[in-house]
S.K.: 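The structure follows.
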4 protein chains.
Amino acid sequence: MSPKVSKEHKEQRRANILNAAKDVFIEHGYEHTTMKHIMDAANVSRGGLYQYFLNKEDVFETILEEDLQLNLNELEEVLREKVHSHWDLLLETIYGEERQPNDDMNSLAPSKLEFFITGRNDKRRREFGKARYYNGLKLYSAIIEQGQQKGEFCTKFDSDIIARSIIAFIDGLAFDHSILPKEDLKMKQQSALFRDYLKTILGVE
Amino acid sequence: MSPKVSKEHKEQRRANILNAAKDVFIEHGYEHTTMKHIMDAANVSRGGLYQYFLNKEDVFETILEEDLQLNLNELEEVLREKVHSHWDLLLETIYGEERQPNDDMNSLAPSKLEFFITGRNDKRRREFGKARYYNGLKLYSAIIEQGQQKGEFCTKFDSDIIARSIIAFIDGLAFDHSILPKEDLKMKQQSALFRDYLKTILGVE
Amino acid sequence: MSPKVSKEHKEQRRANILNAAKDVFIEHGYEHTTMKHIMDAANVSRGGLYQYFLNKEDVFETILEEDLQLNLNELEEVLREKVHSHWDLLLETIYGEERQPNDDMNSLAPSKLEFFITGRNDKRRREFGKARYYNGLKLYSAIIEQGQQKGEFCTKFDSDIIARSIIAFIDGLAFDHSILPKEDLKMKQQSALFRDYLKTILGVE
Amino acid sequence: MSPKVSKEHKEQRRANILNAAKDVFIEHGYEHTTMKHIMDAANVSRGGLYQYFLNKEDVFETILEEDLQLNLNELEEVLREKVHSHWDLLLETIYGEERQPNDDMNSLAPSKLEFFITGRNDKRRREFGKARYYNGLKLYSAIIEQGQQKGEFCTKFDSDIIARSIIAFIDGLAFDHSILPKEDLKMKQQSALFRDYLKTILGVE
DNA sequence: AATGAATGAGAATTCATTCAT
DNA sequence: GATGAATGAATTCTCATTCAT
C-alpha cells in the first residue's frame, strides 16, 4: 500500500506553510501571531497545520533552523573559496545578512529578537538562542581569524572578542531599528562610524 | 471630609504594588506576567489592583516613566555640577545604569526590551520606545558635547552619532545578556574593547 | 447630644443626590447607570451614597415614588376642583404628563420603561410596575367616569377599558419614541388621530 | 477535502443554539441572560458557542433577523395572494403575530422591547430598532393601502398614520403585558375596543 | 456621618489543542 | 491525510458592596 500522497507533495505543502508563516510572523510578530493567522495565510486547515507542526513554537523554530542552516552553508562556502579581501567579506557578511537591519522592514529579525527575549526563561528557547549566538560568533570569528592568519588584519585583539562586539552592535541596531522608524536612527552614519571602528581595531589600511 | 487613609498611605500602597510588579516583571518578563501574578505578589485584590492601574500595560508604563524620570533628573544634576572628567562621567553613566547589563540579572532591562519589541506595531508603545531612545540619546550626547566643548574630547565625530552608537551597543549587549548566561558573553572583555574604542573616537589620552 | 448634622441638611443632601441621579438615569438609562456615575454626578462619596440608599434600585425607586406621589396629588387636586371641561382635563393629563413623550427627550420615561421591563421577573419590581399602572389607570378612569357622570361623555364604553387603552397607547408611543428619533414618528399626526378616536368613543362634540 | 461534518449538521447545531438561546432569552430577558446561560441551555461549550456567534448581542440579533425575515416573507406572500377580506387579513396580522402579546407568555416580545430600549443610546442597536419599526410599518400600511385601493376601507385617514397607531398600540399592549399578569390587563376588552376603533376609522361595515 | 480603599464574584473573550468523521 | 467543530483553561476587566478610619 503506497501512501496516498507523495513525499514530494508533503514537502511542498510543508514548505508552503513555512513561507506563509514567515510572512505572518513578519507582519504580526511572534507573540501576536496565532495559529489561526498561519492557517489562513497558508490556506491550510487547523488539523492540517497540526499535522506538520506541533505548535507555534515548532513552526518558528523550523524557520529559524532553516535560516541557521543557510548561514552555516554560506560560511563553509565562503571559507572554502579563495578570499581576496577578508575586509570586504566581513562587510558583506554584516550588511548582506539580516542581522544588519536593512532598509526593507520585511525582515523576520524583530520577530526573532522577540522570540528569544520572551522565551529567555524557557530552557528549550535558551538553547536555540545560544545556537543562534554561537553560530554568528563562529561566522564572524572565522572570517576575522582567517584574515589575521593571512596578515590582512592585525592581531592586536582577539578575533572572538571582536566577533562578539560585532554581534552586540548588530543586535543593538536591529533592536533599535525594530522599534524606531529608519528616519530616527541615522543608520548610515552609525554604520560608517562602526566601519571606521572596525578598520581601526583590525588595522585595515 | 478627610479621607479614610492618608494620601501617604495610598502612595505607599501604590509604590508597594509597583515594587512587587517590578519583581514579577523581572521574574516572568512582560508578556508572561499576568495581573494575577501582580495581585499575588503585591498581596492586593483584583479590584484593588485595578483601582491603581488600568491594566498591565499601565503598570509597566508607570515603572518605565519613573525610571525615565530618574534618568532625566540625574542628567540635569550631573550637568549642573562641575564635572572633573567627562570621560569618567561617561563611563559611570554607561556602567552604572541598567542600560548596561550589570552582573546582577535582577534587572528589568530584558522586560523593557520585550515590552518595546512585542509592541512595535502599536502606536502608543512606539511613542514610549521613542521617548526611551531619545532620552538616552540626550543623556549621552549631552555629556559628549560638553566634553567636546571643554576640550576634553576631540570633535572629529558628531556627538549625536557617537551617542547613538553607544545606545546601539548597550542595547545589543543587553539583548545578548538577556538570552545568554553571563559566562557565555565575556562581557568584561567586550566592555574593555568598547572602552578602547570610545577612547579612540573621543581622542581621550 | 444633638446630631452633628441637622435633619434639614440630610434632606437637602438626599434631594441633591436624587436630582443628580435623575439626570444620570436620563443620560445613561437604568441598566447602564452605575453607582459610580451617580456618585460623580452628585459629588458624593461612595460611602455617602450608600448611607442614603441601599443600591441603584433603591435610588431609582425613590425617584419613581416621588413622581408617583406627584401624580396622585395632582389627581386629588384636579378632581376636587370644579372642572369646566373634562375633555380638556383629559387632554391636559395626557399631554402634560411625561407618559406622553414630549418633544424634549430630557425625560426619564425611557429609563422607566427599562426599569420595569428588565425587572419583569423580579417580584419587587413587578409590584412597582403594578403600582405605576394602577396609578395611571385610576387617574384616567376617574376623569372619564366623572365626565360620564356629568353627562359630558357618553357611557357607551366602560371608563376602565378606555383608561387602559389610553395607557397602552401612551406606553407604546413612549416606547417607540424612546428608540426612534422624533422625525421618524409623525407624532403630531398620530396624536391627532388618537384625539379623534377618543372623541368618538367618548361621544364628545 | 470534505468537511468533517456536513453543512447540514452545522446548520442544525446553529439552529439548536438559537432555539436554546431563544428559550433562555424568554426566561431571563435580554439583559440578564449571560453567555453561560446559553451555553448550558444549548449544551455547548464556551468555545463552541463563540464559534457560531460573536457575543450575546450577535445571538439576539440573529434571532431578530430571522423573525424579521419571516415577517417580510409573510407580507409578500400575503399581498401576492388574492385577498378576500383585508379586514380579516389585518386582524390576523395583528393577532396572529407576536407583536400582539398573545396569551402564552412564551414570547420573545418582552426581551425584544428590552433589547431596543436598553440599547437606545447605541448606534447599531438603534438601526435595528428602526428596521423593526419600519418593517412593521410596511406590513400594516401595505395591507391598509391595498384595502383602500380595493374600496374595502375608506380613505379618510392616511394608511401610514393608521399603521403607526396600530404599532404604537400593540407595542404599548406588549409592554404592559410584559410587566403585568394577564389578569390585570383585561386584554380581551381592550382588544375589542381597539377593533371597534379600527373599524370606525377604516370605515368597515 | 462621611470617606474612599479594598474586596471578590461574575461576565466576556481568546486561543491552543484535541478528535470524531 | 485532511478537516474543522468542539473543548475548556486562562485571562481580562467591571462593579456592587463592605468596612476600617
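Labels below follow one simple rule: chain letters A, B, ... track the order of the sequence lines, proteins then strands, and each chain is numbered from 1. Computed from heavy atoms alone, side chains included, the values below leave out hydrogens, waters and symmetry copies.
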S.K.: Is a side-chain donor-acceptor pair under 3.5 Å present for A:E31 with A:T118?
M.R.: yes
S.K.: Give the rounded distance in Å between these two atoms: NE2 of D:H37 and C1' of E:dG10.
M.R.: 11 Å
S.K.: Nearest to the D:T34 side chain among E:dA2, E:dG8, E:dA11, which nucleotide is it?
M.R.: E:dA11
S.K.: Considering only E:dA6, F:dA6, E:dA12, which nucleotide approaches the side chain of B:R13 most closely?
M.R.: E:dA6
S.K.: When rounded to the nearest 0.5 angstrom, what is the spacing between CZ in A:F128 and CG in A:L68?
M.R.: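 A:F128 atom CZ to A:L68 atom CG measures 8.0 Å (nearest 0.5 Å).
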S.K.: Rounded off to whole Å, could you give me the CG-to-C1' distance for the C:D40 and F:dC15 pair?
M.R.: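 Value for this atom pair: 13 Å.
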S.K.: Which residue lies toward the 5' end of DNA chain E, B:N43 or A:K56, if each is placed at its nearest nucleotide?
M.R.: B:N43
S.K.: Considering only heavy atoms and no angle criterion, is a donor-acceptor pair shorter than 3.5 Å present between the side chain of D:R46 and the base of F:dT7?
M.R.: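 A donor-acceptor contact between them is absent.
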S.K.: Between C:D67 and C:R132 (salt bridge meaning N to carboxylate O under 4.0 Å), is one present in this structure?
M.R.: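 So C:D67 does not pair with C:R132 through a salt bridge.
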S.K.: Can you check the A:I17 CD1 to F:dG1 C1' distance for me, whole Å?
M.R.: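 That distance rounds to 12 Å.
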S.K.: With respect to the side chain of D:V44, which nucleotide from F:dT7, E:dA16, E:dA6 is positioned closest?
M.R.: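 Looking only at heavy atoms from C-beta outward on D:V44, the closest nucleotide is F:dT7.
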S.K.: Checking all strands, does C:F53 fall into the base, sugar-phosphate, or nothing category for heavy-atom contacts under 4.0 angstrom?
M.R.: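 Nothing: the residue C:F53, judged by heavy atoms under 4.0 Å, touches no strand.
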S.K.: Nearest to the side chain of C:M35, heavy atoms from C-beta on, is which of F:dA16, E:dA6, E:dA16?
M.R.: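 Out of F:dA16, E:dA6, E:dA16, the nucleotide with an atom closest to C:M35's side chain is F:dA16.
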S.K.: When you get a sec, tell me which of E:dT18, E:dA2, E:dT7 is the closest nucleotide to the side chain of A:Y50?
M.R.: E:dT18
S.K.: Mind listing the closest non-hydrogen atom pair of C:R125 and C:D122 along with its distance?
M.R.: N-OD2, 2.9 Å
S.K.: Between C:F175 and D:F175, is the gap from one ring center to the other below 6.0 Å?
M.R.: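 No - the distance between ring centres of C:F175 and D:F175 does not fall below the 6.0 Å cut-off.
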S.K.: Mapping A:L49 and B:T33 onto DNA chain F by nearest heavy atom, which one lands closer to the 5' end?
M.R.: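 Its nucleotide being nearer the 5' end, the pick is A:L49.
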S.K.: Starting at atom CG of B:L54, determine the distance to atom C1' of F:dC15, rounded to an integer number of angstrom.
M.R.: 15 Å
S.K.: Who is the Watson-Crick or G-U wobble partner of F:dT18, with both distances under 3.5 Å?
M.R.: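 Pairing partner: E:dA5.
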S.K.: Write down the atom of C:R124, the atom of C:E61, and the distance for their closest heavy-atom approach.
M.R.: NH2-OE1, 2.6 Å
S.K.: Counting heavy atoms from C-beta on, name the nucleotide in E:dT7, F:dC15, F:dA2 closest to the side chain of B:Q51.
M.R.: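 The nucleotide sitting nearest to the side chain is E:dT7.
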S.K.: Nearest whole angstrom, please: distance from the P of F:dG8 to the CE of D:M39.
M.R.: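 After rounding, the gap between these two atoms is 9 Å.
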S.K.: Choose from E:dA1, E:dG8, E:dA16 the nucleotide whose nearest atom is closest to any side-chain atom of C:K10.
M.R.: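 Shortest atom-to-atom distance from the side chain points to E:dA1.
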S.K.: Atom CD of B:E31 and atom P of F:dA10: how far apart are they, to the nearest Å?
M.R.: 18 Å
S.K.: Taking CD from D:E11 and P from F:dG4, how many angstroms apart are they, rounded to a whole number?
M.R.: 15 Å
S.K.: Calculate the interatomic distance between B:R14 atom CZ and E:dA6 atom P; express it in whole Å.
M.R.: 12 Å
S.K.: Quick one: is F:dA10 close enough that its OP1 or OP2 comes under 4.0 Å of any side-chain N or O from B:K36?
M.R.: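 No.
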